[in-house]
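Order of the sequence lines sets the chain letters (A, B, ...), proteins ahead of strands, with each chain counted from 1.
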There are 2 protein chains.
Amino acid sequence: MMPQTVPRPAAGAARCKRCILHARCLPLGLEQDALQSFDAILQLPRPLKRGETLVRQGDPFTSLYVVRSGSLKQSLAQDGQRGQVLNFYLAGEIVGLDGIGEQRYHSSVVALEATFVCKLPFTRLEDLAERVPGLRGQLYRCMSRELRNDQRMLCLLSGRTAEQRLASFLIGLSERFRSRGYSLYRFHLSMSRSDIASYLGLVLETVSRTLARFQEQGILSVSGRELAIHDHEALSMLAWENSSAGAT
Amino acid sequence: MMPQTVPRPAAGAARCKRCILHARCLPLGLEQDALQSFDAILQLPRPLKRGETLVRQGDPFTSLYVVRSGSLKQSLAQDGQRGQVLNFYLAGEIVGLDGIGEQRYHSSVVALEATFVCKLPFTRLEDLAERVPGLRGQLYRCMSRELRNDQRMLCLLSGRTAEQRLASFLIGLSERFRSRGYSLYRFHLSMSRSDIASYLGLVLETVSRTLARFQEQGILSVSGRELAIHDHEALSMLAWENSSAGAT
DNA sequence: CCAGCCTCTTGATGCATGTCAAGAAAGATT
DNA sequence: AATCTTTCTTGACATGCATCAAGAGGCTGG
């Protein structure tokens, strides 16, 4: 179960200072007064229902959003093809960075469950960043992190087996939960098999089968969307095992 | 053939103003005096030989580089695996953006042919950006563009056939050459089959065979690394044709 | 509590692409 | 020019995953 320890947003200002995400969110490392200015431009956490769209591909870019609780998926539709899932966002992560360049959101982001997000109007954020070097640095850092993320995904999609992809995905999720103070070993998958499949460049049947195989091998158990990892090490091994393909 | 119209760098300062890349490079849209300040921090074009490493994965991040002429490949080594090619850089493109966040280069970049790059020490660039909003915007724009690029690649690697991948790759290259004033229809591939394969998540044999098939179909001809596209439209069709896989 | 829908599981089959292997072309070195 | 090395091509074969299909399980709303 995804714990519900998460803040029912306080009335009034957003109050980053008290937010439990304080340690991993955008304003990380800001001074007292910078933090207050940041607080001032940050809009009240907005509730999203499961399936609700936060930003729509092609819409004019206005704001970044910080996930306060819950989770979302980012997906890109092209031509006639079905949407490709590009990413999943958890608490403390920032949505909308790919819109900065073109002034339009380049992908859609949809809530996977009941979710709260804080809105950051970008023009005001930029004004503030002009005065606060630390914030500018954080912004760069976030974009850069996203870049690295995508690059890891490119490696994953390029010539790795279904087992390796799924193992990496689960290990990655597990670590993201851990770093948020949740269990490394048991968690709830808020995304469907089909979302996972799309994200990993597979079809949902393969995801289902591969999970079944992991379960047979005693590495984990799944029941619906509840997951328990029994042999974290074995899973890691699978994830990083050598395969093939690739060049210099 | 990759034309050699390209500037033998002038002695003295870098002279962005006269650079033929002026229209598509980082300082795009800067005012006269901002441009001069930019010029001042930009270091003399440096020549790289084929195979020479510009930035090495893991080294401390100090500078961005702008490609003045030639081309490079970006690749990421993980664990015991062979390096994965993440990107190819052509004239006017910016190398090193993924290093900003962690203060280390996250991937290696190697020249594919004789190449000139202009060096931009990042601390000085940041200082300047503090005073020149336009430059800041350009920086964001570049990172954002790189993000979108990677996202396109993720879509490409996810459930598309070898034909579609290669066709997309060639169309993409073709357009990048066109926007640089070169021929849309004939160009030189500075990267090896194996680089292309890695980039596209294939093995080099598949690249070779697929090129051969395109040639049989009269879509293009290849002879070593010289490429001539005969039926640009057919190639585009192949690139965007519907396939399968994917979710909501 | 039942009906209907959505999501997930499991099985059978086929094909695209990886793997292994051998040799041809193209460049580099002497 | 001759030799060596690297890169590319082509073939035969194996296999991992997609595809198609059927049905089970779990929610939701009447």
Side-chain angles (χ1 to χ4, degrees), chain A residues 49-51 73 81-82 84-85 112-114 156-167 188-216 220-227 238 241-248, chain B residues 1 49-51 73 81-82 84-85 110 112-114 156-167 188-216 220-227 238 241-248:
Chain A
K49 276 178 277 194
R50 180 179 171 198
K73 70 172 172 188
Q81 308 164 53
R82 308 199 62 191
Q84 161 75 31
V85 174
L112 290 168
E113 59 190 317
L156 197 65
L157 292 188
S158 190
R160 320 225 53 183
T161 66
E163 281 198 357
Q164 292 170 329
R165 296 183 201 195
L166 198 62
H188 177 81
L189 300 167
S190 57
M191 63 294 285
S192 69
R193 301 289 190 268
S194 151
D195 288 335
I196 298 173
S198 171
Y199 180 62
L200 297 176
L202 303 167
V203 294
L204 69 93
E205 291 94 326
T206 304
V207 171
S208 187
R209 269 189 262 265
T210 307
L211 279 174
R213 203 169 331 135
F214 285 164
Q215 184 153 7
E216 278 167 32
L220 50 74
S221 15
V222 263
S223 159
R225 297 188 173 185
E226 299 305 321
L227 188 95
L238 276 174
E241 216 154 61
N242 253 16
S243 56
S244 48
T248 312
Chain B
M1 270 289 185
K49 276 180 278 195
R50 178 177 175 207
K73 71 173 171 186
Q81 306 164 54
R82 308 200 62 190
Q84 162 74 32
V85 174
V110 175
L112 290 169
E113 59 190 316
L156 196 65
L157 292 188
S158 191
R160 318 227 54 180
T161 67
E163 281 199 358
Q164 293 170 329
R165 296 183 200 195
L166 199 61
H188 177 83
L189 301 167
S190 57
M191 62 296 282
S192 69
R193 301 287 191 270
S194 151
D195 288 334
I196 298 173
S198 172
Y199 181 61
L200 297 176
L202 302 168
V203 294
L204 67 93
E205 292 94 325
T206 305
V207 171
S208 188
R209 269 188 261 266
T210 308
L211 279 174
R213 204 172 329 137
F214 285 165
Q215 184 154 8
E216 279 167 32
L220 50 76
S221 15
V222 265
S223 156
R225 295 187 176 185
E226 298 306 319
L227 189 95
L238 276 174
E241 216 154 58
N242 253 17
S243 57
S244 48
T248 315

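Summary for the helix from C:dC1-D:dG30 to C:dT30-D:dA1: the axes at its two ends, each from 5 pairs, differ by 50° when rounded to the nearest 10 degrees.
Atom-to-atom, CD1 of A:Ile196 to C1' of D:dC17 comes out at 17 Å; the value is rounded to the nearest Å. Atom CG in A:Leu202 sits roughly 15 Å away from atom P in C:dT17 (whole-Å rounding). The distance between atom CZ of B:Phe214 and atom P of D:dC8, rounded to the nearest whole Å, is 17 Å. Atom CZ in A:Arg193 sits roughly 12 Å away from atom C1' in D:dG26 (whole-Å rounding). For the pair B:Leu112 CG and D:dT7 P, the computed distance is 12 Å after rounding to whole Å. Atom-to-atom, CZ of B:Arg160 to C1' of D:dC17 comes out at 17 Å; the value is rounded to the nearest Å. For the pair A:Leu200 CG and D:dG16 P, the interatomic distance rounds to 18 Å; values are reported in whole Å. Between the CZ atom of A:Arg50 and the P atom of C:dC6 there is a distance of 12 Å, rounded to whole Å.
Residue-level contact check: B:Arg225 touches the backbone only, with heavy atoms under 4.0 Å from sugar-phosphate atoms and none from bases. As judged by a 4.0 angstrom heavy-atom cut-off over every strand, A:Leu211 is placed among residues making no nucleic acid contact.
Going from atom CG of B:Leu227 over to atom CG of B:Leu220 covers 5.5 Å, rounded to the nearest 0.5 Å. Separation of atoms CD (B:Glu163) and CZ (B:Arg213) is listed at 4.5 Å; rounding is to 0.5 Å. Taking OG of B:Ser208 as the reference point, atom CG of B:Leu166 lies at 10.0 Å (rounded to 0.5 Å). The distance from the OH atom of A:Tyr199 to the CG atom of A:Leu157 is 8.5 Å, given to the nearest 0.5 Å. Put simply, NE2 on A:His188 and CD on A:Glu226 are 5.5 Å apart, with the number rounded to the nearest 0.5 Å. For the atom pair CG (B:Leu238) and CD (B:Gln164), the distance works out to 8.0 Å, reported to the nearest 0.5 Å.
Sequence order on DNA chain C of the closest nucleotides to B:Arg165 and A:Ser208 puts A:Ser208 first from the 5' end. For B:Met191 and B:Arg209, each mapped to the nucleotide of DNA chain D holding its nearest heavy atom, the one lying further toward the 5' end belongs to B:Met191.
In this structure, A:Thr161 does not reach the D:dG16 phosphate: none of its side-chain N or O atoms is under 4.0 Å from OP1 or OP2.
For B:Glu205 against C:dC20, a side-chain N or O and a base N or O form a donor-acceptor pair under 3.5 Å.
The side chain of B:Leu204 approaches D:dT9 more closely than any other nucleotide in the set D:dT9, C:dT10, C:dC8. Nearest nucleotide to the side chain of B:Ala162, out of D:dC17, C:dT17, D:dA21: C:dT17. If you check C:dA21, D:dC8, D:dT19 against the side chain of B:Ser192, the one that comes closest is D:dC8. With distances taken from any side-chain atom of A:Val203 to the nucleotides D:dA18, C:dT19, D:dA21, the minimum falls on D:dA18. Of the candidates C:dC8, C:dT10, D:dA18, the closest approach to any side-chain atom of A:Ala212 belongs to C:dT10.
When the shell of 6.0 Å around CZ of A:Arg225 is examined, it contains more than 12 heavy atoms from other residues, nucleotides or ligands.
Using a 3.5 Å distance cut-off with no hydrogens or angles, the side chains of A:Asp195 and A:Ser198 do not pair a donor with an acceptor.
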